[in-house]
Amino acid sequence: MAGDFNTESMLDMYLFENTQLLEQLQETVLEQKDADSFDEDSINEIFRTMHTIKGSSGIMMFDNITAVSHKLEDVFFYLRESHPDNVPHVELVEHVLEVEDFISNEMEKIRNGDPADGDASDIIADLDKFLNMIKNGGADGGAGAPENVHEEPKHFYIAPVASAASRFYKIFIHFFPETEMANVHAYKTVYALKEIAEDILYSPEELLTDEKCGETIIKEGFRVLLQAQCTEEEVRDLIGVGYDIEKVDVFECDANQFLLGFDFGDNEPAPQIDLESSVEVIEAKQEAAQAQEAPKPAEKKPETPKITPGDFVIQSKEPGRQKKLAKDKPKGEKAAFISVNVSKMDQLMDLIGELVISESVVLQSSDLKVPGLNLDNFNKAAAQLASISRDLQNVIMSMRMVPLTNTFQKMNRIVFDVSRKLGKDIEFVMVGDSTEVDKNIIEHISDPLMHLVRNAVDHGIETNEEREASGKAEKGKVTLSAKTEAGKVWISVEDNGTGLNRDKILAKARKQGILDDSKPDSAYTDKEVYQLITLPGFSTNEQVTEYSGRGVGMDVVVQNIQAIGGALEIDSTPGFGSIMSLKIPLTLAIIDGIVMEVGTSSFVMETGVIKQFIRVKQDMMIHEPNGDEFVMIRGECYPVIRLGKWYGLEEYQESVEDGVMLILEVEDRKICLLVDNLVGEQEIVVKPIPSYVKKVRGLSGCTQLGDGSIALILDAPGLVE
C-alpha cells in the first residue's frame, strides 16, 4: 500500500540531494557574478539543477518549490535556446540567488518538521517580468521563442495516436549497486520524461507503492518505453548520468515494436541481446537475425497487446548508435563515495575516544607492575595495539575533515549582497579554500567569519566616492585566506579599506571608562588598542547599521573562537586596511598532551603551546610588592603562575627548586607555569566540563587518565590572559 511507503527516507534523500545541488548552484553563480554573462556550460548546469529540483519537489508535493524552480528553469531554457544578447547579468545573478535563498529557507522548514508554506508569488512575478523583458528586448522581439512547458505528473495515461513526427524509444537505465532507494530515483527519471512524452510505460510499474522494487531495479535495471517528438540526444539530456545512474542505453524503434511493449509477444522468442556484450557481438547477432527473416506480405496492424513486464528485447533500426555502449564508464568508478549521517560519525569518534582511554587503562594497569613479570610478549602485542589504535584515529579524523570551500562560498555571497546594498564595488578573493578542518570546527567558525566579513565590507572599505577622493585607484577588496601551520589553522579576513583608527578607539575606550586613567595612551601598543574593539558593546560607529560597526558582535567572535581553543589577532595599517586572523585547532576530539601533577591533582597541557621545561633556582625569581612573581631566564623576564596557588590546591610544592617550570607561548606572549612534577606524554581524549560546574578560568575540559583518574585540561590562552 502507498501508505506503507517509507516517506521519511525519501525526505532525507530529497533534502540531502537538493542541499548539494543548491551549494553547487551558488558556487557556479558566484564564480561568474563579475563576468559579462553566464557561459554556455553554466547556463546548462543551472537549467539542469532547476529541472532536477523541480522534479524531486514535484514528487514530494512541495508545490511552492516546484513552481519557483520551474519559473527559473523557464528563464534558463530561454537563454539556452535563444541566446539573447541583452540580458542584464547582475540582475539575473540576483534572481538566481533569490530563488536559491527561497528554496533553502523552505528546505530548512522541512528539515525542522515545519510546513513548507513560503509564498513564492512575488519571486515568480519578478522572474516573469524579467523573462518578458529579455524576450521583448531581443532581436526578434521574443517572437517564436521556445517555451519550456511543464506538464504535471500523471499516474495513468491514455495512449495518444502517434503523429508523423512521433518517435519511439526503448530505454534501459542501470543504477549503481550502492544507490539507495533506486525506485525513487527511477521515478524522478519518469517524472522528467513525462514533460516530453506523448506516451510512456515503465517496468517495474509500482515505483512509489512497492518499496521492494528498488532491489529489482538494482539487479535487473529499469526499463522505459517512450513515445515523443524529440531526438535521442534530448532524451539522454533529460535522464542524465550522475552519482546514482551508472549507464543509460537508448534505442530507437518503430511503432510496431513499441506497441509490443517489453516483450515482442511472438511464439518464437525474439533475438535476445546481452547489454554487457561487446558492440561487435551485438551487431553480429542483429545481422544474423535480420538475415533469417523471410519477406512477409503486408499484414494488418496488430492490436495493442496488454503490456506485461518481460525480457527487454532490443532491435535497433540504427545499429551504429549502439557503438556508444563501448564508451560506457567502467563499473564502480563512482562507487568510491558514500554518504554517512554526521551523527554516526560523531558516535564513531566517541567510541574511538573511549578505545583510546581503555587502551591507556590496560597499558598502565597496576597489575603489570609486579616485580619479576616477563612482559616481552605483552609489550609486543601492546605496541601493535597502539599502532592500530593510532591508525584508526587517523582514519576517522581524516573522514571528519572537510574543506572550507562551502564556508568560504557563503562569505562570497555575503560580500556580494552587502556590497550591492551599500553601493560599493568590492572584489572577493579566496585563498586556500581547500584547507581541511574538522566538521565541528567549521560549525563554530561560520558565525565569527560572517561577522568579520560583514564588518570588513561595511565599516572597513570606504564608499566608491571616498576611495576616489583618497586617490585609491583599485576597487575595494576582501581576501579570505586559510592555511595550516603547526597543527593549527589560520583563517584571515583582509580588506584594503581605511584600517583601524587608533586615536578614535582610545578616545572611545576612555569615554567608556575601559582604560586605566593613570596610564597614558602612548603606553598601549597597537595590538592592545586594536583588541579593545573585541570588548562587549564597543563600537567606533556612531550608529549601528543593518550590518553593524567594526565592534558590534566582535565579542561574539572572540567568545566563539575561544570556546574551541582558538584566538583572534588584529593587525591594521591606517589608510591601507586591516587583517583579522583566527587561529584555531585542526580538531577538538583527541590531542597530544603532557600530564603533570600539582599536589594530589592531575592536569594536562596541550603539547603545542609548551616551548620548554626548565628547572630554576630561587635567586632567579623576582617578587613584586603586589604579589606578582617573575623569573629571569637567559636574560628574559617571564611572569610566573604557581598552579597550586592559582587554584588553591593543598600539599603542592611551594619551592620553585623542587618543582618544574613550563614556558608557555600563546600569540607571541609567554608565561612560566610552575608544577610539582611531570608524568609523561599521552594522547588525550577531550571531554567537556559538565554544565553544572561553574566555568573556571584557565580550564577548557577534562579527560580520563590510564589509571582511571580524572585530569583537568588547562587552557593556555586563558592562563596567559
Side-chain angles (χ1 to χ4, degrees), residues 48 51-52 55 59 151 153-155 157 159-160 162 165-176 179 182-208 213-214 216-265 270-277 279 282 286 307-329 331:
R48 286 193 296 268
H51 187 83
T52 303
I59 294 172
E151 190 175 307
K154 306 178 181 64
H155 293 284
Y157 289 86
S166 297
R167 300 172 71 171
F168 305 91
Y169 299 97
K170 292 187 175 184
I171 305 168
F172 197 8
I173 301 174
H174 307 259
F175 291 91
F176 283 106
T179 303
N183 52 326
V184 179
H185 287 280
Y187 188 74
K188 285 168 61 178
T189 302
V190 173
Y191 189 96
L193 291 174
K194 284 177 182 177
E195 299 223 358
I196 61 170
E198 295 177 336
D199 192 14
I200 187 169
L201 298 162
Y202 46 90
S203 172
E205 294 181 348
E206 304 298 326
L207 293 180
L208 297 184
C213 73
T216 304
I217 291 172
I218 292 293
K219 293 178 182 177
E220 303 176 6
F222 182 56
R223 303 169 177 85
V224 180
L225 296 171
L226 175 68
Q227 173 186 322
Q229 298 183 23
C230 64
T231 64
E232 179 183 326
E233 288 72 20
E234 290 172 331
V235 174
R236 289 185 180 275
D237 286 342
L238 277 175
I239 298 174
V241 175
Y243 68 91
D244 53 344
I245 297 178
E246 179 182 13
K247 182 172 63 173
V248 177
D249 296 322
V250 181
F251 302 94
E252 189 168 358
C253 59
D254 59 26
N256 290 335
Q257 292 168 341
F258 179 83
L259 292 172
L260 289 172
F262 299 107
D263 192 307
F264 283 152
Q272 301 294 312
I273 296 179
D274 183 4
L275 293 175
E276 301 297 328
S277 302
V279 174
I282 293 175
Q286 286 203 318
I307 302 300
T308 57
D311 294 329
F312 191 55
V313 184
I314 301 169
Q315 185 174 346
S316 174
K317 292 172 65 179
E318 301 178 29
R321 292 193 177 193
Q322 296 178 10
K323 291 184 182 296
K324 292 183 179 179
L325 288 172
K327 300 292 185 181
D328 290 336
K329 295 181 180 180
K331 283 187 175 181

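By convention here, the first residue in the shown sequence is residue 1.
Counting heavy atoms from C-beta outward, S203 and F222 have side chains that stay 4.5 Å or more apart.
Smallest separation of non-hydrogen atoms from S166 and E198: OG-OE1, 2.6 Å. Taking all atoms of both residues into account, the shortest heavy-atom contact from I196 to A228 is O-CB, 3.2 Å. Listed here is the closest heavy atom pair of I218 and F176: CD1-O, 3.3 Å. For the pair Y169 and T231, the tightest heavy-atom approach, listed with the atom from each and the gap, is OH-C, 3.4 Å. Scanning both residues, V248 and R236, for their nearest heavy atoms gives O-NH1, 2.9 Å. Residues R167 and C230 share a closest heavy-atom pair of CD-O, 3.4 Å.
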Discussion item. Assess the residue pair K170 and L225 against the criterion (side chain to side chain contact (heavy atoms under 4.5 Å, CB included)); give the C-alpha distance rounded to whole Å, side-chain angles, the decisive distance to 0.1 Å, and a yes or no.
Written reply: CA-CA 5 Å; K170 292 187 175 184; L225 296 171; 3.5 Å; yes
Worksheet item: Is there a side chain to side chain contact (heavy atoms under 4.5 Å, CB included) between I171 and L226 once you walk through the steps?
Response: CA-CA 8 Å; I171 305 168; L226 175 68; 4.1 Å; yes
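Partners of E220 according to the side chain to side chain contact (heavy atoms under 4.5 Å, CB included) rule, which considers only residues two or more places apart in sequence or in another chain, are T216, R223.
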